[in-house]
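Below, each value reflects all heavy atoms present in this structure, side chains not excepted, and no hydrogens, waters or symmetry copies.
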Amino acid sequence: MWEFSLNFKSENFEVAKFVYNTLKQNEIWLYVTSYEANGNISIVMAMEDKYIDSGKSMLAGLITEIICTKFKSDYLNRYLFLPILDKVGALAFKRALLNFDRETDKYLVKRALVFSGSLYVESFYSFRLQSLQQKWEELVHLANENREYLLSRDSFIDLLKFLVDNLDICENEIGIIKEGEGYRIINCENSFYTNKWLTEESVVSSVIDLSPQKINLYFQDSSYAINLLQRIFDERIIVNSEKCKIKSFKLS
């Protein structure tokens with residue numbers, strides 16, 4: 001039997017909770033339990049030897065996602081000093097930086113991972129992932145150094161478009177539907193609405209997360225956010241008037 005302990009600082013309670021719930025849902029684990037002591041949350045797990053490779057792969061994926069999303073987001077919020085931008089643009093720019101060169105980020109995390117009894121995630125990040133933090137530092141330094149350049153609207157959009165164009169494609173095709181004062185995103189291959197209702201402020205950053213090859217707009221109304229989407233995604237966007245197409249979609 002293989003046993004392992006994954007540890008977080010108590011301040012990262014929500015992250016630890018997400019990991020715990022994810023592990024509990026997978027039947028390959030003989031048991032998964034957690035406890036909090038001395039400012040740390042420990043998730044203790046065990047599995048039969050025949051599942052070790054699957055278990056390590058799952059843990060590697062979870063840890064990598066946490067580092068490349070939560071920790072990188074915290075890093076950007078701490079060290080990135082943007083000029084005063086509108087909220088839509090600021091969120092979009094941070095999200096583009098968050099997703100920029102993501103595959104290399106993931107590679108650096110997985111390369112440094114060693115499963116030997118226990119792992120303290122914050123310590124692993126601080127001491128084993130210095131090369132990753134240096135990579136992020138170079139990116140943030142470049143953005144901060146050119147912050148005055150971003151004051152120009154056209155320059156800001158050009159840079160944002162450059163970042164978006166260099167993101168890996170994650171979705172083949174999505175659709176966006178206007179709903180009240182906000183939006184919902186459709187997965188065009190599986191024919192369903194996403195459950196999340198998106199505001200004017202968050203729709204651009206949410207589409208950047210998906211990094212789709214093609215975007216259908218199922219409405220004619222324009223807005224600041226939609227105009228920004230059309231400029232940074234450019235030829236990937238199609239204004240689609242086929243209203244009947246969305247009747248087959250259902251709320252998830």
Exercise. Hey, could you give me the SG/CG distance between Cys170 and Asp168, rounded to the nearest 0.5 Å?
Key: 6.5 Å

Quiz item: Do the side chains of Leu80 and Leu82 get nearer than 4.5 Å, heavy atoms only?
Solution: yes

Exercise. Report the C-alpha distance between Leu150 and Asn146 in whole Å, list the side-chain angles of each, state the deciding distance to 0.1 Å, and finish with yes or no for side chain to side chain contact (heavy atoms under 4.5 Å, CB included).
Key: CA-CA 7 Å; Leu150 298 179; Asn146 291 279; 5.6 Å; no

Exercise. Walk me through it: do Asp165 and Arg236 pass the test salt bridge (Lys or Arg N to Asp or Glu O under 4.0 Å)?
Key: CA-CA 10 Å; Asp165 284 344; Arg236 295 194 230 176; 3.7 Å; yes

Quiz item: Just how far is it from atom NZ of Lys50 to atom CD1 of Ile28, taken to the nearest 0.5 Å?
Solution: 11.5 Å

Quiz item: For the hydrophobic clusters of this structure (ILVMFWY residues joined by side-chain heavy atoms under 4.5 Å, transitively), does one cluster hold both Leu159 and Leu167?
Solution: yes

Self-check item: Residues Asp154, Arg231: salt bridge by 4.0 Å N-O rule
Solution: yes

Quiz item: When you measure from the centre of the six-membered ring of Tyr218, is the NZ or CZ of Lys178 under 6.0 Å away and within 45° of the axis?
Solution: no

Quiz prompt | Arg78 and Asp74 ion-paired at < 4.0 Å | solution = no

Quiz item: Within a radius of less than 6.0 Å around OH of Tyr20, do more than 12 heavy atoms belonging to other residues, nucleotides or ligands occur?
Solution: yes

Quiz prompt | Tyr224 atom OH, neighbour heavy-atom count above 12 within 6.0 Å | solution = yes

Quiz prompt | Thr22 side chain reached by Asn26 side chain, heavy atoms, under 4.5 Å | solution = no

Quiz item: Considering all heavy atoms of both residues, which atom of Pro212 and which atom of Phe233 are nearest to each other, and what is their separation?
Solution: CD-CE2, 4.1 Å

Quiz prompt | Centroid-centroid under 6.0 Å between Phe8 and Phe13 rings | solution = no

Practice problem: Following the transitive rule for hydrophobic clusters with a side-chain heavy-atom cut-off under 4.5 Å over Ile, Leu, Val, Met, Phe, Trp and Tyr, establish whether Leu228 and Tyr149 coincide in one cluster. | Solution: yes

Quiz item: Say you draw a straight line from CG of Leu108 to CG of Leu113; how long is it, rounded to the nearest 0.5 Å?
Solution: 11.5 Å

Quiz item: Taking side chain as C-beta onward, heavy atoms only, is Val204 less than 4.5 Å from Leu91?
Solution: no

Quiz item: Tell me, do Val140 and Asn144 make a side-chain contact under 4.5 Å, heavy atoms counted?
Solution: yes

Quiz item: When you look at Ser5 and Asn7, which way does the side-chain hydrogen bond (donor to acceptor under 3.5 Å, both in side chains) test go after all the steps?
Solution: CA-CA 6 Å; Ser5 172; Asn7 306 277; 3.2 Å; yes

Practice problem: Please test Leu132 against Tyr107 for side chain to side chain contact (heavy atoms under 4.5 Å, CB included), starting from the C-alpha separation and ending with a verdict. | Solution: CA-CA 10 Å; Leu132 178 63; Tyr107 167 75; over 6 Å; no

Exercise. Identify the heavy atoms of Ile169 and Glu171 that sit nearest to each other, and give their distance.
Key: CG2-O, 3.4 Å

Quiz prompt | In one Ile/Leu/Val/Met/Phe/Trp/Tyr side-chain cluster, 4.5 Å: Tyr51, Leu6 | solution = yes

Self-check item: Neighbour count >12 (heavy atoms, 6.0 Å) for atom CG, Asn77
Solution: yes

Practice problem: Using side-chain hydrogen bond (donor to acceptor under 3.5 Å, both in side chains) as the criterion, point out the one residue from Ser223, Ser202, Ser206 that pairs with Tyr183. | Solution: Ser223

Quiz prompt | Contact check, side chains of Lys214 and Asn172, non-hydrogen atoms, under 4.5 Å | solution = no

Practice problem: Mind listing the closest non-hydrogen atom pair of Glu200 and Val88 along with its distance? | Solution: O-CG2, 3.6 Å

Exercise. Kindly give the heavy-atom pair with the smallest separation between Ser205 and Glu201, and that separation in Å.
Key: OG-O, 4.4 Å

Exercise. Indicate yes or no for a side-chain donor-acceptor contact from Trp2 to the backbone of Gly55 under 3.5 Å, with no hydrogens or angles considered.
Key: no

Quiz item: Got a salt bridge between Arg102 and Glu65, using NZ or NE/NH1/NH2 to carboxylate O under 4.0 Å?
Solution: yes

Self-check item: Nearest non-hydrogen partners of Cys68 and Leu98, listed with the distance
Solution: O-CD1, 3.6 Å

Quiz prompt | Exceeds 12 heavy-atom contacts within 6.0 angstrom, atom CD of Glu27 | solution = no

Quiz item: Relative to the ring of Phe93, is the ring of Phe156 parallel (under 30°), tilted (30 to 60°) or perpendicular (over 60°)?
Solution: tilted

Quiz item: If Ile, Leu, Val, Met, Phe, Trp and Tyr residues are connected whenever their side-chain heavy atoms lie under 4.5 Å apart, and connections chain through other members, are Ile43 and Tyr120 in the same group?
Solution: no

Self-check item: Which atom of Thr104 lies closest to which atom of Lys135, heavy atoms considered
Solution: CG2-CE, 3.7 Å

Practice problem: Please work out whether the ring planes of Phe100 and Phe162 are parallel, tilted or perpendicular, with thresholds of 30° and 60°. | Solution: tilted

Quiz item: Mind checking whether Phe71 and Tyr125 have parallel, tilted or perpendicular rings, split at 30° and 60°?
Solution: perpendicular

Quiz item: Does the pair Asp105/Lys110 count as a salt bridge with the N-to-O cut at 4.0 Å?
Solution: no

Quiz item: How long is the gap from CZ on Arg111 to CZ on Arg128, to the nearest 0.5 Å?
Solution: 10.0 Å

Practice problem: Can you measure from CD1 (Ile52) to CE (Met1) and round to the nearest 0.5 angstrom? | Solution: 10.5 Å

Quiz item: Would you say Leu62 and Val44 are hydrophobically clustered, going by side-chain heavy atoms of ILVMFWY under 4.5 Å?
Solution: no

Self-check item: Trp29 and Tyr31 aromatic centres sub-6.0 Å
Solution: no

Quiz prompt | Audit row: Ile215, Ile238, side chain to side chain contact (heavy atoms under 4.5 Å, CB included) steps and yes/no | solution = CA-CA 6 Å; Ile215 304 167; Ile238 297 174; over 6 Å; no

Quiz item: With under 30° as parallel and over 60° as perpendicular, where do the rings of Tyr75 and Tyr79 fit, or are they tilted in between?
Solution: tilted

Quiz prompt | Pairwise side-chain contact, Arg184 with Ile186, heavy-atom cut-off 4.5 Å (strictly under) | solution = no

Quiz item: Where do Phe4 and Leu119 land on the side chain to side chain contact (heavy atoms under 4.5 Å, CB included) test, with the steps shown first?
Solution: CA-CA 8 Å; Phe4 188 73; Leu119 180 73; 3.6 Å; yes

Quiz item: Quick one: do Lys9 and Glu122 make a salt bridge, cutoff under 4.0 Å?
Solution: no

Exercise. Could you tell me the separation between the CD1 atom of Ile226 and the CD1 atom of Ile176, rounded to the nearest 0.5 Å?
Key: 5.5 Å

Quiz item: Is the closest side-chain heavy-atom distance between Leu59 and Met45 below 4.5 Å?
Solution: yes

Exercise. For the residue pair Asp209 and Arg95, establish whether any side-chain heavy-atom pair is separated by less than 4.5 Å.
Key: yes

